[in-house]
Enquirer: 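Dumping the structure here so I can ask a few things about it.
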There are 2 protein chains.
Amino acid sequence: MSGSDRAVLARPQLSPRGRAIRDAALKLFAERGYEATTTTEIGAAVGIRGPSLYKHVSSKQDLLLAIMLDAMDVLHDVHALAVAGVDDVADRLRRAVEAHVRFHTRHRLEAFVGNREIRSLDEANRAVVVARRSSYERLIRALIEEGVAASRFHVASVKLASYALLDLGMGVAAWYREDGDLSEDEIVYTYGRFALTLVGAAG
Amino acid sequence: MSGSDRAVLARPQLSPRGRAIRDAALKLFAERGYEATTTTEIGAAVGIRGPSLYKHVSSKQDLLLAIMLDAMDVLHDVHALAVAGVDDVADRLRRAVEAHVRFHTRHRLEAFVGNREIRSLDEANRAVVVARRSSYERLIRALIEEGVAASRFHVASVKLASYALLDLGMGVAAWYREDGDLSEDEIVYTYGRFALTLVGAAG
DNA sequence: TATCAAGGCTACTGAGCATTAGCCTTCCAG
DNA sequence: CTGGAAGGCTAATGCTCAGTAGCCTTGATA
């Protein structure tokens, strides 16, 4: 887990203004999309003009990349934390899905942008983000495979089951609202149970 | 069902070139996104220059709107067809979900663009599309409510269950490939069964 | 054969955009 | 009190677009 510790502990420190800019950009990217968001708008959201952003940030593209990479780090971290030290494979899957869903409520903007704007990254950056996402997807699939191998899970297709679980999380990021009438815990626990029935977990 | 008949029978006839342009635009919108797609590219895809598009199409925005509206019509149609004449509520739900998922494989580009590019529609057009989508979502939710009322389904939250089912379809549109190793029927039937376990359908 | 519509094309318009240049103020360190 | 860095600003640069104007070819019709 030294990798995720690094991500947790050594996440680069941003100046307060830098943080504000990134937050504003995140909100705008989520709302209007990356291409449709102008540097003027991002600036306005933190009370400065567009060109002044460049005193804090190297480019709009880097802003997007940083947002996505940070989010992927957090996602890996919460997954690792959720399954660490848990032996039973069904428990591990349930906890992994709970962490997955909770991430998508707590960081819904990051998740939303991360899913929708990969296309807006240029080639090289996209490759990095896609690789990191695939590595996460493999973790979930490996859990299901393990349960199947142990005859604890029974699925028609491991791939299909893992897609389904991952997609449910992404869906949450699209519709969840903090002030909605579904509480975070309600969603998390319900989806955790969905996951187990979905893989046909015995007992 | 006269509404959906209208949609099926009276879908406006497009010239072959018009069709080709719409298809090309759909593919490009799905690949690069609406904002990132230029009229020059759409033109090139059908062998003409960007400005010549305007001999067939009134604007890029209208192209997007037409794609989305047509897709929503088809989705409503396949739903209506799937549940028509089926009495048992569990059967109706399963068939509705199967139709939902099949739509998202057969029309994955339309579904993909329809979900991701609503933001790119201007205010008025967006309102129309959103309304039509909500009406579809209500159909699914009503099915679940009906099963719950009849004590055939048992869910923690109707809303959550319907979100989950709808999101699974959207997920399919994101990863399904005709030449992938999961067949359309395999996905459709598996998700149909998912749906029933997910709503805790008895028998 | 003359006409005309359909459907191409190039050139142009007008707008918007990310980013850079270069200037000015503020404020802290020496 | 002075020098310089930090962080604003306006103006300008260079590019990319959607959409329009207006011209030309083709081919069917009358």
Side-chain angles (χ1 to χ4, degrees), chain A residues 12-68 113 116-126 129, chain B residues 12-68 113 116-126 129:
Chain A
Q13 209 57 13
L14 232 44
S15 70
R17 186 103 294 178
R19 256 258 73 82
I21 290 171
R22 187 182 290 192
D23 290 349
L26 172 59
K27 206 178 294 187
L28 287 164
F29 291 165
E31 233 164 59
R32 308 149 135 59
Y34 175 80
E35 312 262 10
T37 300
T38 69
T39 52
T40 305
E41 288 170 324
I42 301 173
V46 298
I48 63 179
R49 305 298 172 124
S52 303
L53 288 174
Y54 289 80
K55 289 282 156 75
H56 305 275
V57 147
S58 74
S59 72
K60 192 183 157 192
Q61 172 78 199
D62 268 8
L63 216 34
L64 178 61
L65 178 64
I67 287 170
M68 289 193 176
V113 168
R116 271 175 153 76
E117 301 293 350
I118 308 197
R119 292 185 300 204
S120 305
L121 290 172
D122 39 48
E123 200 60 48
N125 292 341
R126 179 163 55 242
V129 172
Chain B
Q13 208 57 13
L14 232 43
S15 70
R17 186 91 312 167
R19 255 260 73 81
I21 290 172
R22 187 183 290 191
D23 289 350
L26 171 60
K27 206 178 296 186
L28 286 164
F29 291 166
E31 233 165 60
R32 311 150 134 57
Y34 175 81
E35 311 263 9
T37 300
T38 70
T39 53
T40 305
E41 289 171 323
I42 301 173
V46 298
I48 63 179
R49 306 298 174 127
S52 303
L53 287 175
Y54 290 81
K55 289 283 157 74
H56 304 276
V57 147
S58 74
S59 73
K60 192 183 157 193
Q61 172 78 198
D62 268 8
L63 217 33
L64 178 63
L65 178 65
I67 287 170
M68 289 192 176
V113 168
R116 271 175 153 76
E117 300 292 352
I118 308 197
R119 291 185 300 203
S120 303
L121 290 173
D122 39 48
E123 199 59 50
N125 292 340
R126 179 163 54 243
V129 172

Enquirer: Between A:Ser52 and D:dG7, is there a contact of a side-chain N or O with OP1 or OP2 at under 4.0 Å?
Expert: no
Enquirer: Got a sec, which residues hit side chain to side chain donor-acceptor pair (under 3.5 Å) with A:Glu117, two or more places apart in sequence or on another chain?
Expert: A:Ser120, B:Arg119
Enquirer: Any pair with a residue in residues 16-35 of chain B that passes ring pair (Phe, Tyr, Trp, His ring centres under 6.0 Å), sequence neighbours left out, goes on the list, sorted by first then second residue, please.
Expert: B:Phe29-B:Tyr34
Enquirer: Can you check whether B:His56 has a side-chain N or O nearer than 4.0 Å to OP1 or OP2 of C:dG8?
Expert: yes
Enquirer: Treating primed atoms plus P, OP1 and OP2 as sugar-phosphate and everything else as base, which nucleotides of nucleotides 11-29 of chain C get B, S or - for protein heavy atoms under 4.0 Å?
Expert: B-----SSBB---------
Enquirer: Does A:Arg49 make a side-chain N or O approach to OP1 or OP2 of D:dG8 shorter than 4.0 Å?
Expert: no
Enquirer: Are A:Asp23 and A:Arg19 close enough for a salt bridge, meaning some N to O gap below 4.0 Å?
Expert: yes
Enquirer: For A:Arg17 and A:Val46, which heavy atoms make the closest approach, and how far apart are they?
Expert: NH2-O, 3.1 Å
Enquirer: Applying ring pair (Phe, Tyr, Trp, His ring centres under 6.0 Å), which residue pairs with at least one partner in residues 40-60 of chain B are found, sequence neighbours left out?
Expert: none
Enquirer: Using five pairs at each end of the helix from C:dT1-D:dA30 to C:dG30-D:dC1 to define an axis, what is the angle between those two axes, to 10°?
Expert: 10°
Enquirer: Enter the distance from A:Leu65:CG to A:Asp122:CG here, rounded to the nearest 0.5 Å.
Expert: 8.5 Å
Enquirer: Using whole Å, report how far CG of A:Leu53 lies from C1' of D:dG7.
Expert: 12 Å
Enquirer: Applying side chain to side chain donor-acceptor pair (under 3.5 Å), name anything that partners A:Glu31, two or more places apart in sequence or on another chain.
Expert: none
Enquirer: Distance check, rounded to the nearest 0.5 Å: B:Leu26 atom CG versus B:Ile42 atom CD1?
Expert: 10.5 Å
Enquirer: Do the side-chain N or O atoms of A:Arg17 get closer than 4.0 angstrom to the phosphate oxygens (OP1, OP2) of D:dG8?
Expert: yes
Enquirer: Using atom CG of A:Leu14 as one end and atom P of D:dG7 as the other, report the distance to the nearest whole Å.
Expert: 12 Å
